[in-house]
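Working notes, beginning with the structure itself.
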Amino acid sequence: MGTETARSVHGRVDRPILYRWGAWCARRAWRVIAVWALVIVGAGLLVPKFTDSLTGSSLKVDGSDSARVETLLTEKFASPVSEDAVVVFDSTRHTADAPAYRAAVGAAVAALRDQEGVLDIADPYAADDPTLFSEDRRTLLVPVGLGGGERDRQDTVPRIQDTLDDVAADGEGVDVMLTGSSALNAAVVEQQDKDLARAESIGLPIALLVLLAAFGTLVAACLPLLLGVVALVTSFGALGAVSGVVSFDVFSQAVVTMLGLALGIDYCLFAVTRMREELAARKGDVPAAVGATMATAGKAVLFSGCTVIISVAGLLVVRAPVFRTMALGVMIAVAAMLAVATTLLPAVLGLLGPRIDKLAVPGMKRSVRTTDVSRSGWARWTKVVMRRPVLVGGLTSVVLLLAILPAAQLKLGFDVGASAVSDAPAGRGYELVADKFVPGAATPLQIVLDKPAGALDDADLAALEQLTEQLRDNDDVAEVQSVTDVLRQQTGGVDAAGLRTLMEAAKQDGEGLGRLIATDGRTTALAVLPREAADSDASVDLVHWIRDTAVPDTVGERDGTSAFVGGLSAQTVDISEEVSRATPLVLALVLGLSFILLLLAFRSLLLPLSAIVMNLVSVGAAFGLLTLVFQEGHGASLLDFTSGGFIQAYLPLLTFVILFGLSMDYEVFLISRMKEEWGHSRDNTRAVTEGVAHTAKVITAAATIMMVIFAAFMITKVVEVKQMGFALAVAVLVDATLIRVVLVPALMRLLGNSNWWLPGWLDRVLPRVDLTEGSAPPPDDAPARDEAARRPREEPAARG
């Protein structure tokens with residue numbers, strides 16, 4: 001290996017498992033790299049499988065009303081339509097009565113009747129429904145019933161649009177567009193792929209410039225970037241391997257890309273920085289330097305990654321697939337990053353050795369040289385904070401409190417994404433529906449009445465008719481389609497006998513009631529077209545009114561009959577309520593498990609508690625600024641968006657767990673280095689000062705890279721990606737500046753030796769997984785400090 005006793009920057013160390021593993025990888029670098037080459041090739045082949053399987057943002061909540069509606073419509077009706085969409089015809093040259101216009105509509109209807117996934121479509125001219133024609137008769141709607149699950153429908157809509165494009169190409173000046181929930185989702189998936197490629201093309205070059213400024217050499221700067229990309233490819237490959245059994249939301253691609261690049265680069269950045277220090281201390285003993293790097297920075301990376309995984313795992317308790325698949329995707333991605341950081345990284349470091357400082361950038365040779373950090377600007381700043389902890393900490397707390405306050409007004413909603421895809425057929429069609437008809441026509445509500453005890457009787461039908469009329473009387477409802485209307489038109493009355501007669505006639509001629517009444521006569525459906533868009537406050541309020549007032553007043557709980565409200569607006573309500581229900585549970589799990597992990601890592605009671613408080617402050621500030629910008633609209637023109645007056649429904653909870661994990665990332669690196677210094681001197685002030693001085697530069701560089709990558713995603717058109725990029729960038733900025741180098745040292749100065757206190761009985765019970773244990777004991781030339789380091793950990797705190 002080179003030296004019999006491994007040495008850190010501070011002196012002799014023992015050989016923990018990670019030390020031996022790092023040295024082993026360094027000696028067998030080519031073997032490890034060869035294995036990883038095979039892994040990368042395999043992952044690259046699986047990446048398309050992941051990207052091709054992505055679906056649009058799903059708001060489904062297991063067990064909710066809207067989920068029950070989709071299940072009942074699919075399983076019990078002869079026409080198992082699971083979504084109502086519309087084909088929009090529009091022309092600036094012809095009216096709907098022109099022969100060319102009628103020919104285009106007829107060709108489209110005929111072509112779609114044979115299209116897989118289209119279960120119901122009718123000729124609007126034969127239906128003679130005036131609500132399908134715009135006032136100027138240049139725009140026409142053809143309702144289309146789509147079948148299958150969300151993923152099936154999103155696979156279907158591009159094929160439908162291709163068919164419609166062929167019709168438009170053969171026509172004379174008639175545009176044909178499919179729009180609706182699945183069509184918008186498919187368009188968002190396509191748009192986001194373009195946005196992600198653009199964000200990466202901006203973020204990666206800037207990240208390289210930051211790394212060059214931090215390291216001063218091209219080799220050291222390119223290494224974190226290269227391994228970050230490897231970690232991202234490996235993550236996508238792993239997700240592709242499981243995409244056959246799990247449908248991933250398109251938003252998960254953006255989240256994994258952001259985190260994959262940011263965390264992958266950050267983890268390698270910390271390791272490369274420590275490797276350069278260890279090489280300088282060992283005078284070229286590469287295996288020993290790699291081993292010590294893995295035993296210090298590598299161990300911190302491992303704990304940091306585990307903290308992120310634990311934080312994100314809290315989302316698994318949310319009863320919504322969008323949260324569970326997002327959590328699974330991020331967990332797999334972080335695990336892939338840890339695999340890269342603990343296997344490929346030490347092998348590459350071992351292969352490079354001192355050559356890591358080759359190709360110095362002109363004018364940056366100073367960055368290559370190892371300097372005395374105790375005399376750096378960061379050390380001087382920390383001493384200022386330590387001398388005036390109340391003043392500096394108090395002013396910082398006021399600033400953070402002002403940033404947190406707007407979060408109290410945070411409001412949840414859902415943007416269907418039409419503005420992000422306004423150039424796509426689905427977006428143009430949606431805007432035409434909103435301008436010339438009622439916006440809700442593209443995304444209607446469905447109300448399903450289900451009576452498991454038997455067929456609907458006269459009383460049930462009377463209640464259904466009463467509900468239909470009450471819905472029509474609501475100013476927010478444009479139209480209601482109900483089986484009672486068909487009954488009154490066909491039989492002159494509304495009764496069970498007439499319904500049975502009508503159902504028998506429908507069976508014989510194959511027409512009529514397949515979408516309004518189930519084949520067993522026990523379930524019926526109503527289609528409700530709101531006057532406002534599905535993501536508007538009016539439509540959300542309409543859902544609440546139907547569930548809380550209209551249904552109880554008319555249908556009630558008669559003979560086991562239940563009424564469920566579905567559709568996009570209903571899904572928005574359901575997921576908002578699920579987020580409210582699950583948030584306390586997620587918070588308890590994330591905070592509790594993080595406390596236990598940090599207790600094991602730092603072997604202190606106060607450090608985990610203060611870390612959690614600091615992380616909550618950082619997240620709170622990000623949420624406050626997110627509310628101020630995206631909900632209140634301050635700076636909307638600068639960031640190129642239109643505020644909807646709310647934050648995307650699933651974003652706050654998802655953002656919280658990710659931000660909590662990222663904030664803990666810096667906490668682990670900072671406190672672990674402080675604890676390393678504490679083990680040498682047993683001087684709290686010196687430990688905090690040295691810890692900040694050693695880590696502030698690299699944390700600042702890492703935070704800058706994260707902010708650049710996250711901010712690059714703010715250029716996207718998809719609102720939730722823009723909001724997520726903003727929240728993460730702001731949180732990292734606050735965390736790496738006000739929190740880690742101001743508030744944390746001020747608080748630790750006030751707590752004194754109590755920072756490091758752990759009751760003796762708890763010290764004996766806890767497993768030994770201390771981040772710094774065995775990795776950085778005191779120098780050989782300090783026997784007094786060596787003696788102090790061997791004392792029980794609780795003694796200094798007890799004296800304090």
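Just so we're clear, the structure is a prediction, and the values are computed from it rather than from any experiment.
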So which atom in A622 and which in A731 form the shortest heavy-atom distance, rounded to 0.1 Å?
CB-CB, 3.7 Å

Report yes if some heavy atom in the side chain of W757 is under 4.5 Å from a heavy atom in the side chain of L606; otherwise report no.
no

Side chains of K383 and T685 in contact at under 4.5 Å (non-hydrogen atoms)
no

Atom pair CG/CD1 of L625 and I404 - distance to nearest 0.5 Å:
9.5 Å

May I ask you to test the V579-F323 pair for a side-chain heavy-atom distance under 4.5 Å?
yes

Derivation and outcome, side-chain contact (heavy atoms from CB on, under 4.5 Å), residues L605 and L758:
CA-CA 6 Å; L605 281 181; L758 183 69; 4.2 Å; yes

Could you go through V742 and T737, starting from their C-alpha distance and side-chain angles, then the distance that decides it, and tell me whether this counts as side-chain contact (heavy atoms from CB on, under 4.5 Å)?
CA-CA 7 Å; V742 181; T737 54; over 6 Å; no

Can you find a heavy atom in the side chain of V613 that is under 4.5 Å from one in the side chain of L609?
no

Non-hydrogen atoms of G353 and V286 that approach each other most closely
CA-CG2, 3.8 Å

Between F630 and Q723, what is the shortest heavy-atom contact and its length?
CD2-CG, 3.5 Å

Give a yes or no answer on whether the side chain of S618 reaches the backbone of M614 with a donor-acceptor pair at less than 3.5 Å.
no

T217 side chain to I356 main-chain N or O, any donor-acceptor pair under 3.5 Å?
yes

Distance from D683 atom CG to T689 atom OG1, nearest 0.5 Å?
8.0 Å

Are any non-hydrogen side-chain atoms of L654 and M724 less than 4.5 angstrom apart?
yes

Roughly how far, to the nearest 0.5 Å, is the CG atom of L743 from the CG atom of L395?
11.0 Å

Scanning both residues in full, the closest heavy-atom pair of P745 with T382 reads CB-CG2, 4.4 Å

Interatomic distance, OG@S235 vs CD1@I332, rounded to 0.5 Å, equals 9.0 Å

Beyond-backbone contact of L607 with L599, side-chain heavy atoms, under 4.5 angstrom:
no

Set out, in order, the CA-CA distance, both residues' side-chain angles and the distance that settles side-chain contact (heavy atoms from CB on, under 4.5 Å) for M674 and V692, then state yes or no.
CA-CA 7 Å; M674 289 180 181; V692 174; 3.6 Å; yes

Indicate yes or no for a side-chain donor-acceptor contact from N755 to the backbone of M748 under 3.5 Å, with no hydrogens or angles considered.
yes

Do the side chain of S594 and the main chain of L591 share a donor and acceptor less than 3.5 angstrom apart?
no

Quick check: closest heavy atoms across V317 and G314, and the distance to 0.1 Å?
CG2-O, 3.1 Å

Check M707 against A729 and note the closest heavy-atom contact, atom names and distance.
CG-O, 3.5 Å

Any chance you could lay out the side-chain contact (heavy atoms from CB on, under 4.5 Å) test for L279 and D285, step after step, and finish with the verdict?
CA-CA 7 Å; L279 276 173; D285 189 343; over 6 Å; no

Donor-acceptor pair, R749 side chain versus V385 backbone, under 3.5 Å?
no

A side-chain contact here means heavy atoms from C-beta on lying under 4.5 Å apart; do L211 and L269 qualify?
yes

Under the 3.5 angstrom rule, does the side chain of Q631 hit a backbone N or O of Q409 as a donor-acceptor pair?
yes

Answer yes or no: is there a side-chain heavy-atom contact under 4.5 Å between F623 and T655?
yes

Is atom CZ of R388 surrounded by more than 12 heavy atoms (other residues, nucleotides or ligands) closer than 6.0 Å?
no

Quick check for you: to the nearest 0.5 Å, what is the distance between M331 atom CE and S311 atom OG?
10.5 Å

Quick one: sort the W678 and W756 rings into parallel, tilted or perpendicular, breaks at 30° and 60°.
parallel

Between CG of L328 and CE of M326, what distance do you get to the nearest 0.5 Å?
11.5 Å

